[in-house]
Structure formats: structure tokens, C-alpha cells
Amino acid sequence: MDERYNPREAEEKWQKFWAEQKIFETRDDAPGEKYYVLAMFPYPSGRLHMGHVRNYTLSDVVARYRKALGYNVLNPMGWDAFGLPAENAAIEAGAHPRKWTHSNIDAMRAQLQSMGLAIDWSREIATCDPEYYKHEQKMFLDFMKAGLAYQKESWVNWDPVENTVLANEQVVDGCGWRSGVPVERRKLTQWFLKITDFADELLDALDTLEGWPDRVRLMQENWIGKSRGLQMRFHITQGDAPAEHIEIFTTRPDTLFGASFMALSPDHPLTTALAEKDKKIADFVTECHRQGTSEAALEQAEKRGVDTGLTVKHPFEDREIPVWVANFVLMDYGTGAIFACPAHDQRDLDFARKYGLSVIPVVLPEGEDPATFTVGDEAYTGEGTLFNSDFMNGLDVAEAKKSVIARIEKSGDGEGTVTWRLRDWGVSRQRYWGCPIPVIHCKDCGIVPVPEDQLPVTLPEDITFDKPGNPIAHHPTWKNCTCPSCGKDAERETDTFDTFFESSWYYARYCDPHNENAAFDRAKVDAWCPVDQYVGGIEHAVMHLLYARFFNRALKKCGYLGFDEPFKGLFTQGMVTHETYKDEKGKYLFPSEVDLSKGREKAVKLSDGTLVKVGRIEKMSKSKKNVVDPNEILETYGADAARLFILSDSPPERDLEWTEGGIEGAWRFVQKLWRMISAPQTALAAKDTSLPGNTDAAAQEVLEAMHKTVHQTGQELDRLHFNKAVAHIRAFANTLADYDTSGKADGAVLRRGFETLVKLAAPVMPHLAEELWRVLGHETPVSLAAWPKVDKKYLVSDQVTIAVQVNGKLRATVTLPRDTDKKIAEDIAMKEPGVKKAIDGKTVRKVIVVPNRIVNVVV
RNA sequence: GCGGGCGUGGCGGAAUUGGUAGACGCAACGGACUUAAAAUCCGUUGGGCCUUGUGCCCGUGGGGGUUCGAGUCCCCCCGCCCGCACCA
């Protein structure tokens with residue numbers, strides 16, 4: 001027997017074994033209840049990063065654990081293979097996106113396989129393959145038929161130098177990332193999906209997603225943003241306007257008497273009309289368009305505006321309100337126009353202070369005097385009583401809202417309405433590396449869907465990236481076609497789909513991945529779905545997960561499948577972080593370039609011995625160089641040690657700090673298990689020896705610990721508390737290592753302990769577990785073994801140690817039989833010397849006894 | 001700016017969900033083994049105080065509150081992170 005465990009040999013051996021024996025290939029009709037575990041599929045960047053390793057370790061442990069529990073587990077993998085980086089590589093390195101992507105996939109698949117994942121590779125998919133995307137072209141045509149897809153104009157970031165549409169990511173401080181010139185906004189006609197049709201349903205169904213983290217549900221709720229309010233018209237009284245009134249939406253109709261100005265979005269039709277005659281307004285609008293399209297950019301910009309000279313009449317008071325154009329009013333929300341009440345809205349207040357507009361408080365916080373209450377630089381947005389508000393005076397905010405809505409409705413100037421923050425999903429992208437949108441533009445017939453028998457519309461292969469803009473649009477012949485309707489010359493749509501399109505249905509494709517005729521067989525998908533446990537990054541909390549929830553409903557509406565929610569359980573993991581290092585010149589260094597052996601204060605550069613500054617712990621990123629290459633880790637320590645470390649310390653939902661010490665510690669534990677079980681101190685009993693009826697106290701303790709560990713480990717794995725599961729496994733390994741083997745039954749007890757330990761460790765360290773399982777004499781793999789059973793009689797000890805406090809401070813502990821009578825427990829506790837001392841000379845006022853927990857004496 | 005989250009020893013974290021704060025591990029220090037090193041094993045390890053105990057006081061980002069009892073619940077503040085609709 002080797003003294004040291006050699007992960008490289010063992011891992012390769014078992015990975016080969018699993019693949020050859022098809023251990024993890026899933027049959028639809030295999031016995032056991034179905035369990036679908038899914039990790040968010042990766043973008044094939046070419047190299048695995050630690051975030052991937054963490055993600056797939058988590059889902060893999062779930063898959064292996066569920067398999068051991070007897071479930072028929074589906075754990076597939078694929079590639080989110082369309083996207084910008086492939087085009088960037090084409091521009092920068094001249095690589096063809098298809099070749100670049102496929103070679104990346106090959107490299108990453110090999111890396112994933114070296115992690116020893118229990119994945120059914122026979123179901124692998126890549127979204128850039130026409131066999132995949134042809135089905136989503138069909139889906140889009142079905143969505144068109146169902147009225148779920150339509151075209152409208154919307155804004156894009158435009159780089160005036162590169163003549164290209166930019167992604168938000170490509171806009172840095174308002175400028176194009178390559179050109180460095182300020183971006184402009186342009187309107188383009190684009191395709192949209194009617195996610196807003198499902199807004200109510202998507203919101204209401206959040207309550208049913210009990211397997212989701214509350215915070216994600218809350219984020220989605222806020223994103224959908226259902227709000228009740230008042231939509232009403234203000235009549236224009238002065239100024240040269242091509243309209244008679246301004247339609248606004250507000251969620252704070254109660255503050256109507258505090259209105260001090262109206263604000264129009266720079267993109268409001270009225271603004272556009274006014275700008276034609278007024279250069280000041282036109283200039284302001286142009287200026288506003290010199291910003292990115294992202295909401296964050298808009299809202300973080302300094303509040304600015306321009307007075308239109310128009311005024312409107314206050315509906316209840318004899319006063320005129322000035323109308324401004326303001327950069328913080330979003331055209332996409334409500335009606336694109338608001339009335340501003342600076343006293344009770346921070347944005348309005350900032351604006352009012354800047355332009356010297358009046359601030360009229362109308363909600364009085366509790367305890368304030370209406371005569372003296374003023375608003376300074378902070379708007380008051382809390383509850384209170386209305387004042388300065390005529391018929392609403394004395395009402396609270398909720399009552400006031402109802403009251404004013406009723407009045408406005410009666411006057412015919414508006415009505416109480418519901419508005420959503422959620423906007424329809426724009427799916428058009430002016431890019432090459434995406435799924436072509438299957439429509440044809442005909443001069444006579446307009447938009448004509450590509451006939452289904454002509455699908456897929458495949459991407460042209462012979463493209464060049466020498467010109468800026470979308471290479472498909474530049475292609476000499478690709479877009480030329482004949483109109484399916486009238487037969488005349490026509491042009492193909494050159495936009496491609498947003499890559500969220502592909503990731504909105506891949507979970508269903510895995511259930512029937514090789515179906516050529518349809519996206520999937522409905523019966524298969526309905527049998528496997530919903531996904532029981534979805535695992536991925538918190539960064540997808542809103543968009544990807546909301547789009548997929550919508551898409552699933554759209555598919556249901558079109559008859560593709562029969563359920564609403566695609567993901568029953570969701571787990572969002574934290575990021576992987578690492579210390580950062582900078583050299584004397586302030587340049588970032590890779591961890592592998594730094595010598596930390598003399599401590600963090602004396603860190604030096606390996607190459608020349610110069611001092612290195614150890615910086616903050618941050619998310620691993622190429623730019624900060626604080627990355628650790630999974631390949632190196634897997635080669636040095638093996639997959640099992642890497643998996644163990646990833647699962648060990650940090651709770652999976654929190655950030656994980658990658659440390660050299662941590663992976664070393666995991667490596668030591670792998671070796672410790674190997675030593676302990678492969679070369680036991682006491683000879684083990686033969687395989688299948690049953691435990692003798694009477695064991696000594698030491699053996700009894702081991703068995704008790706064993707059953708408790710099985711119970712706790714299972715419970716923690718059920719809850720995805722992997723760090724705690726690992727702690728229990730380690731603690732039990734310590735128990736076995738400390739086991740004083742001098743009683744009669746030791747060989748049998750020790751064997752039972754080892755076998756249990758190996759089974760518990762198997763989901764975490766699968767290769768080591770297989771190797772040890774064989775050492776213990778088993779011929780069938782542990783990956784097919786059942787999870788150990790708990791004997792409940794070992795779970796409850798008959799003695800409990802409880803704390804005795806005096807005035808909440810610990811003064812003694814006493815060990816009592818379980819469920820000791822309250823009075824007896826009190827009496828025993830009172831006799832403790834520490835307790836006597838603490839209550840000496842004081843009167844006992846009360847004694848609180850919580851059975852099996854605590855005794856607290858109040859003096 | 002808006003929405004969501006996190007904060008416990010030197011470090012990652014645990015705490016039966018309001019009941020003995022620091023499980024499990026990392027690092028450090030001391031010791032054993034060794035010609036030496038590696039590996040391994042044993043011990044100590046939140047801070048402070050002294051009368052060194054079976055001791056006392058302080059301690060869960062900061063401040064306040066509720067409670068017999070608060071890391072846990074409530075209010076305010078600080079710091080960091082994620083998302084914001086064309087990165088995936």
C-alpha cells in the first residue's frame with residue numbers, strides 16, 4: 001500500500017472508469033424519483049475560472065448526494081456559446097468566432113472533466129450550433145403568431161467614430177471603449193418580447209417559489225415594480241404648445257398640493273415638439289443624448305433641466321406651475337412626465353434647490369409643528385399627516401392618496417392606475433455572433449416571417465471584421481432573398497437575438513438534447529422539469545432568471561410545455577475572491593509572482609526580491625491579476641482537495657476567499673483520510689461483519705458520533721450548507737482517529753465507521769472515496785452506493801449539559817438527565833458554588849428554567 | 001441615484017433560529033520524532049486584570065432600544081459587495 005495518496009493517478013483512473021461505465025449517463029426511465037440539478041452553463045471564454053469551479057462543485061455535490069439517496073438524477077452541462085467576446089477575439093486576433101468558440105469549448109470541457117463531475121456528457125449542447133438555435137427561431141415565429149413579439153423604436157448607444165452600436169459594458173464614463181469619444185443615443189427599430197403581458201403573473205408566482213432565496217424574490221418584485229398611483233392631466237395655460245395638457249403619472253398623489261414644477265423627459269413627444277422651435281431646449285436634449293442609455297448613468301448624472309416657458313394649472317388651487325424638461329425623468333416609466341414635489345422627493349428637491357424652485361411641505365412628520373416644519377437638503381419621504389393641502393388636511397398618507405384620486409376621477413382629469421417598472425424585453429442585437437432573427441423585410445409585404453420549412457436561418461461563415469458595425473449587414477449576398485409572400489426581391493433581418501434568448505430555454509433542451517424535429521419532446525420536458533435545484537451566481541438574480549420565467553410561460557402559451565416555473569429550487573453562490581498584490585511601482589502582480597513565506601508585511605517579488613504590497617481582498621479578475629488558475633490547482637492538489645477547500649470554510653452563498661493555506665489544509669485532510677483508512681491501527685473486521693450486540697463505552701461513543709454525523713451531514717446537505725457538512729465529516733474523522741481501539745468489537749466498529757465516513761465524504765471527494773471504498777474491499781463503486789441510514793436511537797443522549805446564569809451571566813454549567821423536572825433542575829442549579837457566590841446577599845426575584853437549555857436566576 | 005445583501009478571534013467561519021459566543025479549519029507559537037528537512041503527532045491560542053482560580057471584567061462594524069437573557073429582534077449610523085434592462 002502506498003503511503004501517500006496520489007490524486008493524479010487515482011483521479012484519472014476513476015474519471016475513466018465513470019465514463020466507461022456510463023455511471024452518470026441518465027436514462028429517462030431509470031428507477032427512482034426524478035431530480036434535476038442544473039448549474040448555470042458557462043460562457044466558453046476558453047479557461048475555467050475559480051467561479052466556475054465553485055459553481056460546478058456545488059451542483060456536483062448535490063447531484064452525487066441525491067443519487068446516493070436513490071433519486072434518478074439529471075445533471076447536464078452545455079455552453080452559452082453566443083456573445084460579444086467571440087467577436088472581440090475576431091476583431092483583435094482575427095479568429096473566426098465559430099472556430100474560436102469551439103476550441104474554447106474543447107479546452108473547457110477537458111478542464112471540467114478533470115474536476116470529476118458527475119455530469120451526463122451525452123447531453124452536452126452548444127447554443128451556437130444551428131441544431132440548437134434553429135428551434136429558437138421556430139419559437140420566435142410562434143411568439144409572433146401569439147402576439148408576443150413586436151417591433152418598436154428604442155434607444156441604443158452609438159459610437160460615432162466606429163459607427164457601431166455599443167453594449168453598455170462598452171461605454172466607459174460615457175465614452176466608447178475603443179474610440180474614446182462620447183457616445184450618442186440613437187433610435188433604432190428593434191424586436192421586443194411582451195414580457196409585460198405576464199407582469200402580474202410573474203409577480204404573483206414569486207410567492208410560490210419557496211425554494212428560492214427571499215432576497216432574489218424581493219429583487220424580482222422590485223424589478224417588476226408594480227405601483228399604484230394616479231395618472232392625470234394638467235391643463236396647459238401659458239406658452240406655445242402643440243398640446244392642451246400634460247399627462248403625468250405619480251405614486252404620490254397625496255403630495256399634489258406640494259407640486260412646484262412639472263418635469264418632462266428629454267424624450268417626451270412634447271419636448272421633441274418644443275425643441276423644434278426652442279434652441280435652448282434642443283441643445284439640452286442633445287446634451288442629454290450624449291450619455292449612455294443605462295439607467296444607472298442617467299440617475300447618477302447631476303440633476304439638470306431647462307425651463308420650457310409653459311405653465312399648467314394646478315387642479316385645485318388658483319396657481320400656475322412651470323413646466324421644465326429634466327434629465328432625471330425617464331421616458332420608459334409612467335408617462336414620461338411628472339409633477340414634482342420637492343419637499344417629499346429627493347430628486348425633485350435637488351432639482352428645485354439648483355434652479356431656485358419653491359419647496360412646499362405637505363406631509364408633517366409626527367411630533368412636528370406645522371408652523372415651524374421646514375425641509376432643508378433632505379426630502380421627507382416618511383409617513384405623516386397632510387397639511388397645507390385643503391381637503392386632505394389631517395389625513396394620513398394612505399387616506400390622502402385615496403381621497404385625491406377620488407376627486408380627480410370625479411373631475412374627469414385622471415384615474416387611479418397601476419404602473420409597472422418592468423419594460424418589454426428588447427431582443428435585437430446588431431451583431432454577428434448570435435442567432436439570426438428569422439424574418440424578411442419586403443418592400444411590399446413588410447415584415448414576413450421566414451417559412452418554417454426554410455429554418456434554420458444560419459449565420460454566414462465567410463464574414464470579415466475589417467469594417468466597423470455588424471458583419472452580417474456588410475456581407476455581400478447573405479441578406480438578399482426573395483419574399484416568401486410575393487416572391488419579389490427582399491432582405492433578411494440582419495439583427496441577431498440577445499444571448500439571454502438562448503439561456504431562457506436550455507434547461508428544457510437538456511431533457512431531449514438530440515431531438516432534430518422539435519426543440520424537445522413535451523412529455524420528456526414535463527417529466528424532468530421543473531429543475532429541482534438550479535445553482536448559479538447572484539449576478540443573475542434578476543435578468544436571466546426573470547427572462548427564463550417569462551420565456552417558459554410564453555412557451556407554455558404556445559403549447560411547448562405544460563408548467564409555469566422552470567426552476568423550483570434556486571441557489572445563488574457567492575464570488576471567489578483573493579488578496580491583491582502590487583509591486584513598488586503600483587502594478588498588480590499575480591499571486592504566483594509573490595513570495596509570502598516571511599509573512600504579509602515582508603512579502604517580496606519572487607523574480608527580484610523587491611517589496612510587495614498586499615492589498616484588499618477582491619473578486620478575482622484578470623485586471624487585478626488576483627487570479628488562481630484552476631488548472632494549476634487541479635494538477636498540484638487534485639480535484640478532491642480543490643473541491644473540499646471550496647466547500648469547507650465559507651457558506652456557499654457568501655464570498656469565498658481563496659487562500660494558499662486553505663487549499664494546503666484540504667490537501668492534508670485528503671492525505672489524512674487516506675492514511676487513516678488505508679493503514680488502520682487496528683485490523684478491520686472482514687467486510688459485512690455485523691456489529692456485536694454488546695460494545696464497550698468507547699465503541700458506543702463512536703457509534704453515537706457516527707449516527708449523529710450521518711444525521712447532521714445529511715441535514716446540512718439538504719439545506720446546501722456544505723461548509724457545515726464538511727465540518728461534521730471532519731469532526732467524525734477526528735473521532736475515529738482518536739478512537740481508543742482496545743475493546744473487543746473494535747475491528748467491526750472501526751470498519752463500520754470507516755465505511756460510513758467514506759460514503760459521507762464521497763459527494764465531496766469522489767475520487768478518494770472510490771479509492772478508499774476499494775481499499776475497504778468493495779468491488780462496486782461508491783458512487784453507486786446508498787447513503788448511510790441513521791439509527792435514531794443514537795441521536796438523543798440521555799444527559800444534557802445546561803448553562804446556569806445569574807442575571808444573564810454564565811456562572812456554572814450542570815449536567816442533568818434529559819427532561820429533568822424544572823423544579824429539580826432549579827434546585828440543583830442553585831446549589832452550584834458559582835451560583836451561590838453570585839447570589840450571595842441578594843434576593844432571588846425570579847428563576848427562569850427552560851428544560852434542557854438554561855436556568856437563569858434573576859436577583 | 002435606485003433596488004438587494006453582507007459585517008463575529010490574527011484569518012475563513014460555527015452558534016440547535018432569543019438560551020453556555022468562537023464548533024470545524026487556516027495561521028502562529030511551544031514540544032515530540034529526525035543527522036537534517038519534509039511529512040506526521042501532542043499541546044497552547046479572543047482581549048484585559050489580578051489574589052493564577054472551580055476567578056473577575058470586556059467582547060459579535062459603531063450608537064441606542066426591547067427582553068430574565070440579544071451575534072440573533074427593532075431604530076439610527078458607518079464600511080464593503082452585487083444588480084440597474086446591449087457583459088454573461
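By convention in this document, chain letters (A, B, ...) are assigned in the order of the sequence lines, proteins followed by strands, and residues within each chain are numbered from 1.
Applying the 4.0 Å criterion to OP1 and OP2 of B:rC26, one finds that A:Arg668 has a side-chain N or O inside that range. Listed pair A:Arg811 / B:rC56 meets the phosphate criterion, a side-chain N or O lying under 4.0 Å from OP1 or OP2. A close approach under 4.0 Å does occur between a side-chain nitrogen or oxygen of A:Asn723 and OP1 or OP2 of B:rA14.
Between the side chains of A:Asp649 and A:Asn723, no donor-acceptor pair is found at a separation under 3.5 Å. Side chain to side chain, A:Arg429 and A:Gln190 fail the donor-acceptor criterion of an N or O pair below 3.5 Å. A:Asn470 and A:Gln430 form no side-chain donor-acceptor contact under 3.5 Å, judged by distance and modelled atom types alone. A:Thr164 and A:Asp159 share no donor-acceptor pair across their side chains, judged by distance under 3.5 Å alone. A:Asp424 and A:Thr196 are linked by a side-chain donor-acceptor pair at a separation below 3.5 angstrom, with hydrogens and angles left out of the test.
Comparing B:rA85, B:rG25, B:rC82 by their nearest atom to the side chain of A:Arg730 picks out B:rG25. Side-chain proximity of A:Arg421 to the nucleotides B:rU20, B:rA85, B:rC24 is greatest for B:rA85. Comparing B:rA85, B:rG19, B:rA88 by their nearest atom to the side chain of A:Tyr547 picks out B:rA85. When each of B:rC24, B:rG4, B:rA88 is scored by its nearest atom to the side-chain atoms of A:Leu218, the top-ranked nucleotide is B:rG4. Each of B:rU20, B:rA27, B:rA88 was ranked by its minimum atom distance to the side chain of A:Tyr43; first place goes to B:rA88. Among the nucleotides B:rG13, B:rC87, B:rA85, the one closest to the side chain of A:Ser294 is B:rA85. Proximity note for A:Asn222 (side chain, C-beta onward) versus B:rG3, B:rG13, B:rC57: the nearest is B:rG3. Closest contact between the side chain of A:Gln300 and the listed nucleotides B:rG1, B:rC41, B:rG12 involves B:rG1. Closest to the side chain of A:Val858, out of B:rC11, B:rC68, B:rA88, is B:rC68. Nearest nucleotide to the side chain of A:Met543, out of B:rG4, B:rA85, B:rC86: B:rA85.
Base orientation at B:rU52 is anti, since its O4'-C1' glycosidic dihedral falls outside 90° of 0. With a glycosidic angle more than 90° from 0, B:rG12 adopts the anti conformation.
Between the NZ atom of A:Lys226 and the C1' atom of B:rG3 there is a distance of 19 Å, given to the nearest Å. A:Asp655 has its CG atom 8 Å from the C1' atom of B:rC6, to the nearest Å. The distance between atom CG of A:Asp738 and atom C1' of B:rG43, rounded to the nearest whole Å, is 14 Å. Separating the CG atom of A:Leu546 from the P atom of B:rA85 is a distance of 14 Å, rounded to the nearest angstrom. As rounded to whole Å, 12 Å separates atom C1' of B:rA38 from atom CD of A:Glu664. In this structure, CE of A:Met219 is placed 12 Å from C1' of B:rC6, rounded to the nearest angstrom. One interatomic measurement links the two molecules: CH2 of A:Trp658 to C1' of B:rC11, which rounds to 16 Å at whole-angstrom precision.
B:rU72 and B:rU60 have their P atoms separated by 9 Å, given to the nearest Å.
Aromatic pair A:Trp425/A:Phe192: centroids not less than 6.0 angstrom apart.
Within 4.0 Å (heavy atoms only), A:Trp425 reaches no atom of the nucleic acid at all. Residue A:Phe500 is in base contact, counting any heavy-atom pair closer than 4.0 Å across all strands shown.
A donor-acceptor contact under 3.5 Å links the side chain of A:Arg431 to the base of B:rC86.
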